[in-house]
Amino acid sequence: MSGKIKQRNAANTSESATTSVNEKILKRCHSLYTDSENGLVNIGESLGMKILPPRKKINVMLMGNHSAGKSSFINWYIEEHVQRTGVAIETQGFTFITNGRKRESLTGNATLHLYPHFKALQDIEGVVDYLNTEISTSKQKKFSLVTFIDTPGLVDGDMKYPFDVNETILWLGDLCDLIFVFFDPIGQALCKRTLNIVERLNEKHSDRIRFYLSKADEAGQESDRQRVLMQIVQELCKRPGLNKTGFEMPTIYIPNPNKPSRCTNQIEDVCKDIEKTINQTIQNTLNQLERDCEQISSLVDQAIKIDDDARQHNFQAKIRGMGLSLLGFLLPVLLMMQLLAASGPRDFLRNMIGEDMAEAFVSFMAPTTAFWEMVDEENQLVILTCVLVASGLCLILSRYFNQSKPTLQRRSKKALLWKQEFVNTHVRPEKQKLYSEYLQQSVSEHDL
Ligand SMILES: Nc1nc2c(ncn2[C@@H]2O[C@H](COP(=O)(O)OP(=O)(O)OP(=O)(O)O)[C@@H](O)[C@H]2O)c(=O)[nH]1
Ligand SMILES: [Mg+2]
């Protein structure tokens, strides 16, 4: 007996240790993204990359018929009576149930403040008034890593909801990691509204949906239960979107020590599913962290390459521009020299540069002067105009070629490289460490 207790205690200790390691990993990942100075969100933004920080918990939505036992399941999971339960229509709005430091209830607006991801809920008319959060200090099972979303019981007929319940559930489904659909054997197991919503949710998120036959202890004998199950599955399969082979619908009920039942209870499998989803989320978060680091690093490489190319382009543009400007200035000067050598007064030349230099200049220019004198006056004018136009063209082209591309300031370039270095030498090793810690929970040390 004492051995058994010891074993269970050991299991509990290791379970809570596991929870705390996983909790730590998700929190650490979150802070690697949201750090006000060097968080990946800020670094990404400075590189024009939109990064969303990972969530610290998974979201599990419970939906289904009125009185199917949704709220009771949450109370059972967290081992605290936070949600009202009963045969009347108990849950009339949407409640987020989450673990926190202090037992508290929050209103709709406070809820949206706490869950910015869900802010767009306020666009659905009337929902905010029927939205609230219950914070519980419970740390039972994996509750520290789960946010449950309890939804209003679904009924057909005249029941009027003060908001568009179908749209809200569909909208919430997009942000949930798991969607539990509860069917109970007594109530309106085949409620059309439930089936309609499930069918639409299934179009987008079939991998997130789990069906359960809840309150299975109330389904009578095994044969009755099988009949109820068959009936529900048949009804589900009538919907084209839901007609799939291998429909799984575990039977679950809240264990009641005062009313032991011989019916198989698969409620522990629900807990295992939640745990599996948490583990998957941790792996996804760590993998995403690696991908984000890689992208940041390659964006910095890209920015540096663009800057290097721009600098090289600017250098070449400057050389080209300067060459053309020089030509633009030289052409008229050469023309003037030619005119001076061919028809300028010799005395003026001698006075300007001395007799020897004037002689040398004239004989140096002799070949072109000979050519110039061969050309008749009219064509000389044409040549003159062409040279002047060419000079103007060179000057215009030099401005065009000399256009430079923007480059990074030395300080910005240094900051970019620093960010890359930070991501590669700090964030990535940290992610590696977190991965090892995560794996250490299930794999022996020498396998790592
Ligand atoms: N026998 C049995 N009764 C249950 C079980 N789960 C819930 N109940 C009872 O069923 C009734 C309805 O349960 P709730 O948890 O309020 O159901 P709900 O789906 O939240 O209902 P709404 O909020 O009205 O949609 C309550 O009286 C519960 O005590 C179960 O597993 N077995
Ligand atoms: Mg309820």
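This one's a predicted model, so the numbers in the text were calculated from it and none came from an experiment. Remember, it's 1-based here, ligands and their atoms both numbered in the order they're listed.
Scanning the protein heavy atoms around atom 20 (O) of ligand 1, the nearest turns out to be Ser71 OG, 2.8 Å. The closest protein non-hydrogen atom to atom 17 (O) of ligand 1 is Gly69 N, 3.1 Å. From the protein, the heavy atom lying nearest to atom 32 (N) of ligand 1 is Asp217 OD1, 2.9 Å. At the shortest separation from atom 23 (O) of ligand 1 among protein heavy atoms lies Thr91 OG1, 2.7 Å. Atom 14 (P) of ligand 1 has as its closest protein heavy atom Ser72 OG, 3.5 Å.
Nearest to atom 30 (C) of ligand 1 by heavy atom, out of Lys215, Arg84, His66, is Lys215. One option in Gln83, Lys70, Lys259, Gln92 has a heavy atom closer to atom 19 (O) of ligand 1 than any other, and that option is Lys70.
Of the charged side-chain nitrogens involved, at least one lies within less than 4.0 Å of a carboxylate oxygen, so that Glu290 and Arg428 count as a salt-bridged pair.
If you run side chain to side chain donor-acceptor pair (under 3.5 Å) between Arg55 and each of Thr281, Thr147, Asp177, only Asp177 comes through. Residue Glu23 forms a salt bridge (charged side-chain N to carboxylate O under 4.0 Å, His left out) with just one option from Lys56, Lys139, Lys57, and that option is Lys139.
Using a 4.0 Å cut-off between heavy atoms, Glu218 contacts ligand 1 through its side chain alone, with no backbone atom that close. With a heavy-atom cut-off of 4.0 Å, Ile254 touches ligand 1 through backbone and side chain alike.
Counting only heavy atoms from C-beta outward, the side chains of Phe118 and Trp171 approach each other to under 4.5 Å. Within the 4.5 Å cutoff, side-chain heavy atoms of Phe183 are placed close to those of Met249. Side-chain contact between Leu213 and Arg225 is present, with heavy atoms from C-beta onward closer than 4.5 Å.
Using cut-offs of 30° and 60° on the angle between ring planes, the pair Phe422 and Trp418 is parallel.
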Audit row: Phe148, Tyr77, ring pair (Phe, Tyr, Trp, His ring centres under 6.0 Å) steps and yes/no = CA-CA 10 Å; Phe148 285 110; Tyr77 191 91; 5.1 Å; yes
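Residue contact annotation: Ser214 has no non-hydrogen atom under 4.0 Å from ligand 1.
Ligand 1 has a nitrogen or oxygen under 3.5 angstrom from a nitrogen or oxygen of Gly86.
Taking every heavy atom of Tyr253 and a limit of under 4.0 angstrom, the matching atoms of ligand 1 come to 31 (O). Those atoms of ligand 1 with a heavy atom of Gly153 less than 4.0 angstrom away are 25 (O). Taking every heavy atom of Ser67 and a limit of under 4.0 angstrom, the matching atoms of ligand 1 come to 11 (C), 12 (C), 17 (O), 18 (P), 19 (O), 21 (O), 22 (P), 24 (O), 25 (O).
A cation-pi contact links Lys141 to Trp76, judged by a cut-off of 6.0 Å to the six-membered ring centre and 45° from its axis.
Under 2.8 Å from the Mg ion (ligand 2) lies no N/O/S atom of Ser72, from backbone or side chain alike.
Annotation: the span from Leu172 atom CG to Ile149 atom CD1 amounts to 5.0 Å, rounded to 0.5 Å.
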